[in-house]
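Side chains are part of it too, since the values below use all heavy atoms of this structure and drop only hydrogens, waters and symmetry mates. By convention in this document, chain letters (A, B, ...) are assigned in the order of the sequence lines, proteins followed by strands, and residues within each chain are numbered from 1.
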There are 4 protein chains.
Amino acid sequence: MEFKDNEPIYLQIAAYVSEQILLGKWTADDKVPSVRELAVALQVNPNTVMRTYEQLQNQEVIYNKRGIGFFVAPDAVKKVKALKKERFLQQDLPEFFRNLFLLDINLDEIQQRYEAYIAQNLESETR
Amino acid sequence: MEFKDNEPIYLQIAAYVSEQILLGKWTADDKVPSVRELAVALQVNPNTVMRTYEQLQNQEVIYNKRGIGFFVAPDAVKKVKALKKERFLQQDLPEFFRNLFLLDINLDEIQQRYEAYIAQNLESETR
Amino acid sequence: MEFKDNEPIYLQIAAYVSEQILLGKWTADDKVPSVRELAVALQVNPNTVMRTYEQLQNQEVIYNKRGIGFFVAPDAVKKVKALKKERFLQQDLPEFFRNLFLLDINLDEIQQRYEAYIAQNLESETR
Amino acid sequence: MEFKDNEPIYLQIAAYVSEQILLGKWTADDKVPSVRELAVALQVNPNTVMRTYEQLQNQEVIYNKRGIGFFVAPDAVKKVKALKKERFLQQDLPEFFRNLFLLDINLDEIQQRYEAYIAQNLESETR
DNA sequence: GTGGTCTAGACCACC
DNA sequence: GTGGTCTAGACCACA
C-alpha cells in the first residue's frame, strides 16, 4: 500500500480498514490484524497503526478486548457508512460541484467516466 | 476571507488567486495586489502571501517584474485550468467514484443535487 | 561554514548539500541532517535550512519520509549533475567565453592555471 | 535587450556599456546616450540607468559634464579591462575550475566548444 | 514603492 | 523526535 502525502497516514489506514468492513471482508466481531502485524504489512511505525485504531475505536467502528486485540463492532457497517456519507455530502460534494463549475465540466462527461470506472473496477473490487 | 484550518493558509490564498484568474476578474498582464497589500487585506502575515506568490510563480501562473510587482501570466487561465483539471481527474474523481460505489449512491441523485447547487450559486458567483 | 553575502544563504546551503552528494559523502537513501540539526551546525535559523530542503525536494534531489526526515533520492547524483551541467553550459560557459574574448585571454593560459588549481586542491578535496 | 533575473538590471546595463567601450564602439570623450534615451531604448526606469551611470562614474569609466551628459573617460578601456580581469581571475575562474572538477569535464571539451563559439560569434561581434 | 531574505520564536500534526 | 506553517519584525537591494 502506498500513501498519498497530502493526508495523514493514520487516516489513510483508517480509511482502508473502514473499506474492508464496508466491503464485508472483515465482519462483525472479527478480529482485525494486530497493531504490530498491520504495521509490518504496511511498513509503517506501530504507533501510526495504534493511532488508527484509537481513531476507529473513538468512532465505535472497532472495539478492544484488552490483551487480545481489536474487533469489528457489531454495527460497524452502519457507523462507517454514516460517517462516510456525512463527509461526502458536507465536504466532498460541494467541492466537487465547484470544480465542475470552474472547469466547465459537464455531468454527462462524468457519467461516461463513471461507467468506464465501474467496468474497470467491479471485478477487481470483489476479488 | 476566512480560512479553513485543515489546509495551509498560503495554499488557500493561492486557490483564491487562481479562481480570480479563472473567473476572469484578474486577466493577462494585470498586476496582482502587492504582497503587503494582500497581506493587509486578508489579515495575514506578508510572508504568508509571499509564499503564495512564490508557489504561483513556480507554476507560471504569475510572473514578476522586479521592483514593480507580480503580474498575471499571459496564459495563466490555461495553466490554472490544466493544473486544476489534472488534480481533479487524477485524484478527486477516482475518490469520488469510489465513494459513489461504496456508499451505493446513484448518479441520478448527484444530478439532482447539482441542479440545486447551480440554482443556488449561479447568481452569487457572477456578482 | 561561512557564507558569501551576495548570494542567499539557503541557496549556498543547497549548493553545499548538492556537493556532498556529488562527492559521494552522502549517498542514495541516506538520511540528511534534520532541519534543526543542520541549522545548529551552520548557525542559521531552522527556517533557512527548511527553505533549502524545500528547494532540494522540488528538484527531487532529496525526498521526505514524514515524521522521520529527509533522505537522498536514489538518482540524486544524476539529478544534481544534470541541473549543475545545464546551468554551466547555458550560463557559465557562454559568459566565460565572452570574457576570454573580451579580455583577450588564451585558452593555453587557462590550461596552466587549471593545472595549478588541480595540484593545489586535489588532496584537500578528497580529504 | 533582455535581462537575466539573477543579476541586478543596473549592473547588466553597466556590463553592456563597458563592453561597448571595450569593443571600441564608444571611444574616449564620446558622449554616451543620455539617461532618458538609454532608459527608453532598454525599456527600463530612468532611475535604473542613472544608477548604472553612477556606478560607472565611481569606477571612473565615464565622467560627467554637468548639464550636458556623460562621456567616456580617456583611459576607460584600461579601467574596464582591469576591473573585468580582476573579477575574472578572482571569482569567475576558481568557480569555473570547481565546476570542471565536480562535473568531470575535460579542458579538451572546453577547447572544442570555444572554437565553435568563436566561429559562431566573431562576425556578429564586429558588426 | 516593490520583492526577497533572514531571524526568533511559537505552535501544531505526525511518526 | 520529525517536518510544516505562521507570525512579527527587521533589513536590504532594487526599480
Side-chain angles (χ1 to χ4, degrees), chain A residues 3 5-13 35 39 42-52 54-55, chain B residues 3 5-13 31-39 42-57 62-71, chain C residues 3 5-13 31-39 42-57 62-71, chain D residues 3 5-13 35 39 42-52 54-55:
Chain A
F3 300 104
D5 62 348
N6 50 3
E7 194 189 352
I9 290 176
Y10 82 99
L11 286 182
Q12 294 182 55
I13 299 177
V35 168
L42 300 180
Q43 303 196 54
V44 298
N45 192 299
N47 291 331
T48 304
V49 176
M50 192 58 207
R51 198 158 179 180
T52 297
E54 279 170 11
Q55 163 99 357
Chain B
F3 299 106
D5 63 346
N6 53 357
E7 194 191 353
I9 292 177
Y10 79 97
L11 287 182
Q12 295 182 54
I13 300 176
K31 185 175 179 306
V32 301
S34 81
V35 170
R36 290 165 175 79
E37 214 176 328
L38 191 53
L42 301 180
Q43 305 199 57
V44 296
N45 190 288
N47 287 333
T48 303
V49 175
M50 191 60 207
R51 205 162 173 187
T52 297
Y53 281 2
E54 273 173 19
Q55 164 103 359
L56 291 173
Q57 195 179 18
I62 62 178
Y63 65 93
N64 179 271
K65 286 188 196 171
R66 287 188 290 171
I68 305 180
F70 285 96
F71 295 79
Chain C
F3 300 106
D5 63 345
N6 52 357
E7 195 191 352
I9 292 177
Y10 79 97
L11 287 182
Q12 294 182 55
I13 300 177
K31 186 176 179 305
V32 301
S34 81
V35 170
R36 289 165 174 77
E37 214 176 325
L38 192 53
L42 300 180
Q43 306 198 55
V44 297
N45 191 287
N47 288 332
T48 304
V49 175
M50 190 62 206
R51 206 163 170 186
T52 297
Y53 282 2
E54 275 174 18
Q55 163 103 0
L56 291 173
Q57 194 179 20
I62 61 178
Y63 65 93
N64 179 271
K65 287 189 195 170
R66 286 186 294 170
I68 306 179
F70 285 97
F71 296 78
Chain D
F3 300 104
D5 60 347
N6 50 4
E7 195 190 352
I9 290 177
Y10 82 98
L11 287 182
Q12 295 182 53
I13 299 176
V35 168
L42 300 179
Q43 304 199 53
V44 296
N45 192 300
N47 291 332
T48 304
V49 175
M50 194 56 207
R51 200 160 177 177
T52 297
E54 279 170 11
Q55 163 100 356

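Take B/F70 and apply the ring-ring contact (aromatic ring centres under 6.0 Å, His included) test, not counting sequence neighbours, and it matches B/Y53. Listed by chain and number, the residues in a salt bridge (charged side-chain N to carboxylate O under 4.0 Å, His left out) with B/E7 are B/K4 (sequence neighbours excluded).
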Dot-bracket summary - DNA chain E, pairs being Watson-Crick or G-U whose distances fall under 3.5 Å, with | when paired to another strand: ||||||||||||||.
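One finds the CD atom of B/Q43 at 11.5 Å from the CG atom of B/L38 (value rounded to the nearest 0.5 Å). In this structure, CD1 on B/I62 lies 10.5 Å from NZ on B/K31, to the nearest 0.5 angstrom.
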Run the numbers on C/R66 and C/N64 for side-chain contact (heavy atoms from CB on, under 4.5 Å), then give the verdict. CA-CA 6 Å; C/R66 286 186 294 170; C/N64 179 271; 3.4 Å; yes
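In the 5' to 3' direction, nucleotides of DNA chain E lying under 4.0 Å from heavy atoms of chain B begin and end at E/dG1 to E/dC6.
Two residues, C/P46 and B/E37, neighbour DNA chain E, and the one matched to the more 5' nucleotide by heavy-atom proximity is B/E37.
Counting non-hydrogen atoms under 4.0 angstrom, B/F70 reaches the backbone sugars and phosphates but no base.
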Pairs of donor and acceptor atoms involving the side chains of residues 44-52 of chain D, under 3.5 Å and at least two apart or interchain, shall be tabulated with distances.
| unit_1 | atom_1 | unit_2 | atom_2 | d |
| --- | --- | --- | --- | --- |
| D/N45 | OD1 | D/N47 | N | 2.8 |
| D/N45 | OD1 | D/N47 | ND2 | 3.4 |
| D/T48 | OG1 | D/N45 | O | 3.4 |
| D/T52 | OG1 | D/Y10 | O | 2.9 |
| D/T52 | OG1 | D/T48 | O | 3.2 |

Listing time: all N or O pairs from protein to nucleotides 12-15 of chain F that are below 3.5 Å?
| unit_1 | atom_1 | unit_2 | atom_2 | d |
| --- | --- | --- | --- | --- |
| F/dA15 | OP1 | D/I9 | N | 3.4 |

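With a 4.5 Å cut-off on side-chain heavy atoms, C/Q57 and C/Y63 do not count as touching.
A pairwise comparison of heavy atoms in A/F3 and A/I13 identifies CE2-CG1, 3.8 Å as the closest pair.
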